[in-house]
Amino acid sequence: MLTQLTSFQNIGLESERIIVEVGIHNGEAKMHIVGLGDTAVQESKRRVWLALRSSGYHIATCKVTTVNLAPADIRKSGPRYDLPIALGIMHSNGILEVPDRRLKEMAFLGELALDGSLRHVSGVLSAAIACRAHGIRTLVVPAVNAPEAALIPGITVVGAENLRDLVAILHREKEPEVVIPPAATPQVQAADTVDFADIRGQQHAKRALEIAAAGGHNVLLSGAPGAGKTLLARAFRGILPPLSKEESIEVTQIYSVANRLPNNEPLIHARPFRLVHHTASGVSIVGGGQVPRPGEISLAHRGVLFLDEIAEFPPQVLEVLRQPMEDRTITITRANGSVTFPADFIMVAAMNPAKYGSGSAQRIHRRISQPLLDRIDLTIDVQPVPIEDLQKAPAENTDSTAAILARVIAARQRQAERFDGLRLCTNKEMNVKQIDALCPLDAASQQLLKTAVDRLGLSARAYHRTIKVARTIADLSGADAIACAHIAEALQYRQSIER
Ligand SMILES: Nc1ncnc2c1ncn2[C@@H]1O[C@H](COP(=O)(O)OP(=O)(O)OP(=O)(O)O)[C@@H](O)[C@H]1O
Ligand SMILES: [Mg+2]
């Protein structure tokens with residue numbers, strides 16, 4: 001008897017179809033798993049036997065069971081094949097009575113606990129997308145994963161609590177529970193978000209953060225301890241526009257593959273805000289591992305990567321950020337191929353230059369290279385707010401997070417109209433050709449930029465990035481063309497520690 005069941009393996013964010021073949025023949029009771037499986041796959045044998053036994057299914061002991069995971073050149077990892085292996089064994093032994101034709105229309109994923117219950121597995125959203133692409137009608141997953149899979153329309157999702165329940169469903173003795181896809185609820189404010197209305201003074205910093213949010217530009221907050229850098233960074237997440245449905249699914253897919261989906265949250269609604277500590281390893285920041293997993297820069301996709309105390313990060317870790325900041329993706333190369341994860345984030349960095357003493361510019365330079373500084377579009381000097389201002393009631397005209405967010409959304413709308421048909425969302429994504437086409441400069445602006453390049457010694461990259469920031473400033477003020485004042489303001493943020 002030979003049974004074939006479909007399952008999926010994650011490779012990066014993609015899922016490849018895997019055929020789980022189970023064959024039995026007479027001989028000494030034994031089970032072999034072949035087809036490039038890792039340790040977790042090999043350990044399936046014990047989990048599956050015990051789960052079958054504790055679910056009350058007794059397999060004849062005079063048989064050799066061979067499980068083949070095909071194609072053989074794809075590395076199989078994790079406990080996700082427990083379920084198809086168990087069902088394949090039951091089918092080969094005549095315990096599961098489902099016609100082959102029906103099995104062919106289904107795909108299976110799930111880890112088995114020793115008592116036969118089904119446990120959460122990673123990457124179910126990617127598997128659901130692949131399922132639809134392969135024209136497979138039904139995806140069978142652990143009940144906890146079912147809402148996540150149901151995000152993808154066009155396939156039927158069956159969630160099961162345990163093996164016995166699933167067999168009853170497959171035997172049509174029991175109706176599967178209806179799986180409701182998670183609704184796209186409005187963005188909920190994270191508990192630690194700060195409202196801009198509660199931050200006294202800091203007009204200059206608030207303005208720069210508004211520009212950063214509107215155009216997707218990178219920011220460095222520089223200032224003394226207690227000046228409010230962390231406070232401003234936390235407030236920043238509140239002025240980013242809500243994720244669209246497509247963006248939500250994209251972000252959820254990354255968290256699903258990384259096995260980092262929060263409990264009871266099958267769809268991520270809020271823009272990611274990843275605070276990375278300088279002691280974090282390079283792999284945890286950029287991603288990697290035997291079976292490549294996304295790192296912090298991919299978990300920050302479509303959101304914020306917050307590097308507090310950036311000058312404390314090992315220079316080699318900061319260096320590897322350069323390429324993804326340019327490409328907005330990260331490619332991890334392994335002996336058996338490479339995978340690419342999205343990594344489109346706004347970098348918010350904070351540092352205290354005084355900590356590095358006099359002549360600090362040089363010392364900081366030694367830690368943060370010029371190419372990385374080039375990629376920081378807005379450097380904000382955060383001065384401590386005088387005690388009198390902290391004690392006073394907030395000024396009447398202090399903008400709330402909601403008011404700033406409304407302006408950011410309007411500016412992004414203007415960008416979307418300009419980029420119609422170009423597959424760009426924000427100004428930061430423009431390449432040189434698009435800058436030339438979409439950001440014409442008048443003579444005065446060109447002259448001003450030329451002077452600035454000469455005086456500040458800006459690189460070609462910094463030159464183009466300054467124009468993009470100026471474009472965002474123009475968008476915030478509703479201007480169709482970039483004016484000299486927009487360039488002047490953009491240049492103001494490209495300063496201090498660069499020289
Ligand atoms: N402008 C402000 N309005 C209201 N409170 C402020 C302001 N600036 C600072 N504070 C207060 O000071 C505290 C410290 O600010 P924060 O943690 O942001 O400082 P920091 O610049 O990140 O310091 P460090 O360099 O030590 O990390 C805040 O939690 C807040 O209570
Ligand atoms: Mg801080």
Side-chain angles (χ1 to χ4, degrees), residues 189-213 217-240 271-280 285 296 300 303-315 317-318 321 345-361 363-368 372-373 376-405 407-408 492-493 495-497:
Q189 287 277 322
D192 56 357
T193 304
V194 180
D195 197 294
F196 273 94
D198 298 329
I199 302 178
R200 306 289 154 81
Q202 303 293 14
Q203 286 317 319
H204 174 70
K206 289 177 182 177
R207 165 74 178 165
L209 290 175
E210 179 173 337
I211 297 168
H217 309 292
N218 299 319
V219 177
L220 172 66
L221 299 155
S222 160
K229 303 181 294 293
T230 305
L231 199 64
L232 286 160
R234 288 203 182 283
F236 180 67
R237 71 189 302 186
I239 59 168
L240 292 170
R271 283 203 187 259
F273 182 91
R274 304 295 301 184
L275 195 161
V276 184
H277 197 258
H278 57 78
T279 54
I285 295 175
E296 288 295 339
V304 175
L305 184 75
F306 180 33
L307 306 181
D308 211 350
E309 304 284 358
I310 188 173
E312 298 295 318
F313 279 75
V317 171
L318 294 181
L321 289 178
F345 54 84
I346 298 178
M347 185 180 88
V348 176
M351 68 177 294
N352 171 15
K355 203 169 161 184
Y356 302 91
S358 60
S360 59
R363 291 192 204 185
I364 291 163
H365 251 287
R366 236 174 277 147
R367 297 195 147 256
I368 314 175
L372 186 66
L373 288 172
I376 294 170
D377 304 291
L378 305 139
T379 303
I380 310 169
D381 214 353
V382 184
Q383 294 293 339
V385 169
I387 176 70
E388 300 78 47
D389 287 358
L390 286 178
Q391 286 175 336
K392 268 195 297 202
E396 285 272 316
N397 58 355
T398 305
D399 276 329
S400 65
T401 287
I404 302 174
L405 175 61
R407 294 199 294 263
V408 167
Q492 213 185 267
Y493 300 114
Q495 280 187 2
S496 48
I497 61 170

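Note that ligands are numbered from 1 as they come in the structure, with each ligand's atoms numbered from 1 the same way.
Ring centroid separation for the pair His204 and Tyr493 comes in under the 6.0 Å cut-off.
Counting all heavy atoms, side chain and backbone alike, Leu232 lies closest to Ala205 at CD1-CB, 3.8 Å. Asn218 and Met347 get closest at one heavy-atom pair: OD1-N, 2.8 Å. Taking every heavy atom of both residues into account, Ser400 and Phe196 meet most closely at C-CB, 4.3 Å.
Evaluated for a side-chain contact (heavy atoms from CB on, under 4.5 Å) with Arg274, the options Val304, Ile285, Leu305 yield exactly one hit, Leu305.
Within the protein, the number of N, O or S atoms lying under 2.8 Å from the Mg ion (ligand 2) is 1.
The aromatic rings of Phe313 and His278 stand perpendicular to each other, their planes meeting at an angle above 60°, with 30° marking the opposite boundary.
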Requested in this report: Just do the side-chain contact (heavy atoms from CB on, under 4.5 Å) check on Leu240 and Val408 with the steps written out, would you?
Outcome: CA-CA 7 Å; Leu240 292 170; Val408 167; 5.9 Å; no

Query raised in the report: Taking it one step at a time, do Ile310 and Leu318 satisfy side-chain contact (heavy atoms from CB on, under 4.5 Å)?
Result: CA-CA 8 Å; Ile310 188 173; Leu318 294 181; 4.0 Å; yes

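In summary, Asp399 and Arg407 engage in a salt bridge, as defined by a charged side-chain N under 4.0 Å from a carboxylate O.
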Quick one: ligand 1 N/O to protein N/O pairs below 3.5 Å?
residue	atom	partner	partner atom	Å
ligand 1	1 (N)	Arg200	O	2.8
ligand 1	3 (N)	Arg200	N	3.0
ligand 1	18 (O)	Lys229	N	3.3
ligand 1	18 (O)	Thr230	N	3.1
ligand 1	18 (O)	Leu231	N	2.8
ligand 1	19 (O)	Gly228	N	3.3
ligand 1	21 (O)	Ala227	N	3.3
ligand 1	21 (O)	Gly228	N	3.0
ligand 1	21 (O)	Lys229	N	2.8
ligand 1	21 (O)	Lys229	NZ	2.9
ligand 1	22 (O)	Thr230	N	2.9
ligand 1	22 (O)	Thr230	OG1	2.7
ligand 1	23 (O)	Gly226	N	2.7
ligand 1	25 (O)	Lys229	NZ	2.6

